[in-house]
Amino acid sequence: MVDAQSVRRGIAAGLACEHVEVAGDGRHFEALVVSREFEGLSRVRRHQRVYAALGERMREEIHALSMRTLTPEEWRAGG
Amino acid sequence: MNVLDVIKKQVGSHPVVLYMKGTPDFPQCGFSAASVQILQACGVKDLFSVNVLEDPAIRQGIKEYANWPTIPQLYVNGEFVGGSDIMREMYQSGELQKLLDAAGTTQTA
């Protein structure tokens with residue numbers, strides 16, 4: 001069983017984040033990820049960045065990760 | 001033909017392709033079900049769907065094809081658009097409707 005905190009740590013370890021929140025039930029997770037690295041990236045590229053941060057765990061342990069990916073400006077604007 | 005070529009041919013020969021778990025009539029995952037509903041709400045005609053549960057090679061191959069580890073995946077005119085979250089965000093903002101209309105894939109009113 002994967003806990004939401006370990007998913008949160010995985011994202012934060014692989015991506016410079018201003019803010020990360022993860023909630024989940026062990027298989028399905030929901031994340032809010034705020035990072036300056038998302039600036040200028042499409043939604044697809046942003047999600048790929050988070051998937052890359054999680055690496056193999058995304059294939060093996062995490063069934064579904066629903067996410068919102070925002071830049072700090074978008075987040076402050078209430079994104 | 002290897003599996004990536006099969007996928008390339010599928011997304012290149014149908015304007016709207018959804019890789020999903022189950023079928024539009026019997027989706028077997030909530031995210032796939034939501035994606036079908038969104039496309040139907042946009043008035044997509046001739047949705048070509050691929051049930052990855054029936055084809056393990058496609059199920060693995062599609063993750064490599066778009067460098068995207070999850071299913072569903074939506075392709076419009078051969079281009080990867082996104083997964084379930086991105087479809088929902090683009091639907092809510094109206095971008096998905098515009099994209100599908102521009103691609104000539106929706107019913108004309």
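Just so it is clear: chains get the letters A, B, ... in the order the sequence lines come, proteins before strands, and each one is counted from 1. Model, not experiment: these values are computed from the prediction.
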Quiz item: With distance as the sole test, does A/Gln48 use its side chain to make a donor-acceptor pair with the main-chain N or O of B/Trp68 at under 3.5 Å?
Solution: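 No: the side chain of A/Gln48 does not pair with the backbone of B/Trp68.
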Quiz item: If only atom types and distance count, is the side chain of B/Glu89 paired as donor or acceptor with the main-chain N or O of A/Arg68 below 3.5 Å?
Solution: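 Between the backbone of A/Arg68 and the side chain of B/Glu89 there is no qualifying donor-acceptor contact (under 3.5 Å).
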Could you check if a side-chain atom of [X] sits within less than 4.5 angstrom of a side-chain atom of [Y], using non-hydrogen atoms only?
X: B/Thr70; Y: A/Met58; result: yes
X: B/Met87; Y: A/Arg43; result: no
X: B/Phe31; Y: A/His28; result: yes
X: A/His47; Y: B/Ile86; result: yes

Exercise. Go through the atoms of A/Ile62 and report whether side chain, backbone, both or neither lie under 4.5 Å from a heavy atom of chain B.
Key: neither
Using the rule that Ile, Leu, Val, Met, Phe, Trp and Tyr join whenever any side-chain heavy atoms are under 4.5 Å apart, tell me whether [X] and [Y] fall into a single cluster.
X: B/Tyr65; Y: B/Val81; result: yes
X: B/Val36; Y: B/Leu96; result: yes
X: B/Val17; Y: B/Leu47; result: yes
X: A/Leu15; Y: A/Met67; result: yes
X: B/Phe48; Y: B/Phe26; result: no

Quiz item: Tell me, side chain or backbone of B/Glu95 under 4.5 Å from chain A's heavy atoms, or both, or neither?
Solution: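 The answer is the side chain of B/Glu95.
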Quiz item: Heavy-atom distance under 4.5 Å to chain A: side chain of B/Ser84, backbone, both or neither?
Solution: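 Looking at B/Ser84, nothing touches chain A.
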Quiz item: To the nearest 0.5 Å, what is the distance between CG (B/Asp85) and OG1 (A/Thr69)?
Solution: 8.5 Å
